[in-house]
There are 2 protein chains.
Amino acid sequence: MIFSKSCEYAIRAVIYIAHQSRNGKKVSIREVAQGIDSPLHFIAKILQYLSKRNIIQSTKGPNGGFYLDKRAMKQTLEDVVIAMDGDQVFEGCALGLRYCSESRPCPLHEEFKQIREQIRYSLQSTTIAQFAEEDAHKPILKR
Amino acid sequence: MIFSKSCEYAIRAVIYIAHQSRNGKKVSIREVAQGIDSPLHFIAKILQYLSKRNIIQSTKGPNGGFYLDKRAMKQTLEDVVIAMDGDQVFEGCALGLRYCSESRPCPLHEEFKQIREQIRYSLQSTTIAQFAEEDAHKPILKR
DNA sequence: TAAATAAAGGAGTTTTTTATCTTTTTTATG
DNA sequence: CATAAAAAAGATAAAAAACTCCTTTATTTA
Ligand code: FES
Ligand code: FES
């Protein structure tokens with residue numbers, strides 16, 4: 001929940017690609033799909049979209065594939081999430097009211113404002129590069 | 001996000017019914033739908049389901065409708081959420097891995113464990129009855 | 001007991017999300 | 001320049017979620 005399936009895959013894919021990217025290695029759709037155990041054609045669409053949104057980079061042809069350039073490495077997961085799911089996670093009302101507002105707060109407003117800020121903080125506080133560095137991430141993504 | 005649409009409606013409906021229920025008033029599907037601004041037939045199904053799960057009570061026939069008995073009033077929103085969306089909100093991995101586990105934690109595990117606990121706490125800490133009491137809730141549910 | 005009221009139940013439809021398949025374009029290299 | 005590798009693009013398809021409509025059952029009351 002919290003994130004859409006596409007967004008979950010996207011986060012995992014970005015971390016995976018970033019990890020490979022540290023040594024300048026580009027990865028193909030096939031590798032990503034295997035690496036994070038996601039449907040091949042589905043992740044293809046997601047990567048294509050992330051690439052268009054400039055969250056990740058890609059090159060066609062032999063030796064091509066997906067990678068992250070220096071700038072992309074400095075992004076945070078918040079950027080990925082916003083690209084995939086928009087800002088509803090951070091801005092939307094927990095009870096589905098049209099707007100989350102201070103002036104007409106729903107019964108869960110105060111509590112969930114904090115929760116959403118904490119989600120935002122969690123996603124902001126670490127760069128993609130940092131996730132890529134961790135060695136711990138390997139056994140996690142591949143299952 | 002966080003909750004399904006059905007769950008959002010359910011929470012709003014339960015609070016609405018509880019509020020009316022304080023003075024022993026039973027409410028019809030129609031009233032609930034208007035009160036919380038939700039699709040009539042959709043909320044009908046939801047109320048039917050909540051009733052079967054004994055989250056709310058109902059009686060058929062003239063002067064019938066939905067209400068909350070004393071026991072139901074003492075429940076928390078956690079009960080409503082679990083009835084509607086299951087425990088994925090509280091238990092599921094943020095990145096969609098099959099299990100959220102300490103032994104194979106995903107890169108977001110530590111942060112999101114806390115977030116999910118905070119969500120659980122928020123939903124547990126107030127009884128339905130308390131939400132019903134607040135006068136502030138009225139302008140919130142009806143839009 | 002007939003009529004009216006209100007929820008329960010059953011059977012759809014529509015929309016959105018998730019997933020698959022095929023063709024086209026780009027690029028490197030022999 | 002031909003071939004192969006790889007992503008981009010386009011077109012469906014399947015599944016799930018959201019939403020609707022119609023019929024049945026239970027209950028009250030005139
Ligand atoms: S109004 Fe519902 S969370 Fe702010
Ligand atoms: S393993 Fe992902 S949140 Fe625990």
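Reminder, nothing fancy here: chain letters follow the sequence lines and each chain counts from 1.
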Checklist entry - Within the pair B:His41 and D:dC21, is there a side-chain N or O less than 4.0 Å away from OP1 or OP2? => result yes

Checklist outcome for this item: Taken to the nearest whole Å, CG/A:Leu50 to P/D:dA8 is 10 Å

Checklist entry - For B:Gln130, which residues count as a side chain to side chain donor-acceptor pair (under 3.5 Å) partner, sequence neighbours excluded? => result B:Thr127

Item to check | Interatomic distance, B:Met1 CE vs C:dT16 P [rounded to whole Å] | outcome: 12 Å

Next on the checklist: Which residues pass the side-chain contact (heavy atoms from CB on, under 4.5 Å) test with A:Glu111, not counting sequence neighbours?
Outcome noted: B:Ser122, B:Ser125

Next on the checklist: Testing the basics here: between B:Asp85 and B:Ile2, what is the closest heavy-atom pair and its distance to 0.1 Å?
Outcome noted: OD2-O, 4.5 Å

Item to check | NZ/NE/NH1/NH2 to OD/OE distance under 4.0 Å, B:Arg116 and B:Glu91 | outcome: no

Checklist entry - Can you name the side chain to side chain donor-acceptor pair (under 3.5 Å) partners of B:Ser6, sequence neighbours left out? => result none

Item to check | Rounded distance (Å) that lies between atom C1' of C:dT16 and atom CG of A:Asp85 | outcome: 13 Å

Please enumerate all protein N or O atoms sitting under 3.5 Å from an N or O of nucleotides 13-18 of chain D, with distances to 0.1 Å.
| residue | atom | partner | partner atom | Å |
| --- | --- | --- | --- | --- |
| D:dA18 | OP1 | B:Lys5 | N | 3.2 |

Checklist outcome for this item: Pairing string of DNA chain D (Watson-Crick or G-U wobble, both atom distances under 3.5 Å; | = paired to other strand) is ||||||||||||||||||||||||||||||

Checklist entry - Hey, which of A:Phe3, A:Tyr49, A:Phe42 is the one that makes ring-ring contact (aromatic ring centres under 6.0 Å, His included) with A:Tyr9? => result A:Phe42

Checklist entry - For A:Lys25, does the NZ atom have more than 12 heavy-atom neighbours from other residues, nucleotides or ligands under 6.0 Å away? => result yes

Item to check | Protein-nucleotide distance (B:Asp37, atom CG; D:dC19, atom P), rounded to Å | outcome: 11 Å

Checklist entry - Whole-Å distance between C:dA19 C1' and A:Leu40 CG? => result 11 Å

Checklist entry - With distance as the sole test, does A:Gln75 use its side chain to make a donor-acceptor pair with the main-chain N or O of A:Ile55 at under 3.5 Å? => result yes

Item to check | same_hphob_cluster(A:Tyr67, A:Val14) at 4.5 Å side-chain heavy-atom cutoff | outcome: no

Next on the checklist: Does A:Glu117 form a side-chain contact (heavy atoms from CB on, under 4.5 Å) with A:Arg120? I'd like the steps, not just the answer.
Outcome noted: CA-CA 5 Å; A:Glu117 274 315 307; A:Arg120 190 195 287 275; 3.7 Å; yes

Next on the checklist: For a side-chain contact (heavy atoms from CB on, under 4.5 Å) check, start with the C-alpha distance between A:Met73 and A:Ser21, then their side-chain angles and the critical distance, and finish with the verdict.
Outcome noted: CA-CA 9 Å; A:Met73 279 290 201; A:Ser21 219; 3.9 Å; yes

Next on the checklist: Return a single string for nucleotides 6-15 of chain C, one symbol per nucleotide in 5' to 3' order, where B is base contact, S is sugar-phosphate-only contact and - is none, cutoff 4.0 angstrom on heavy atoms.
Outcome noted: BBSBBB----

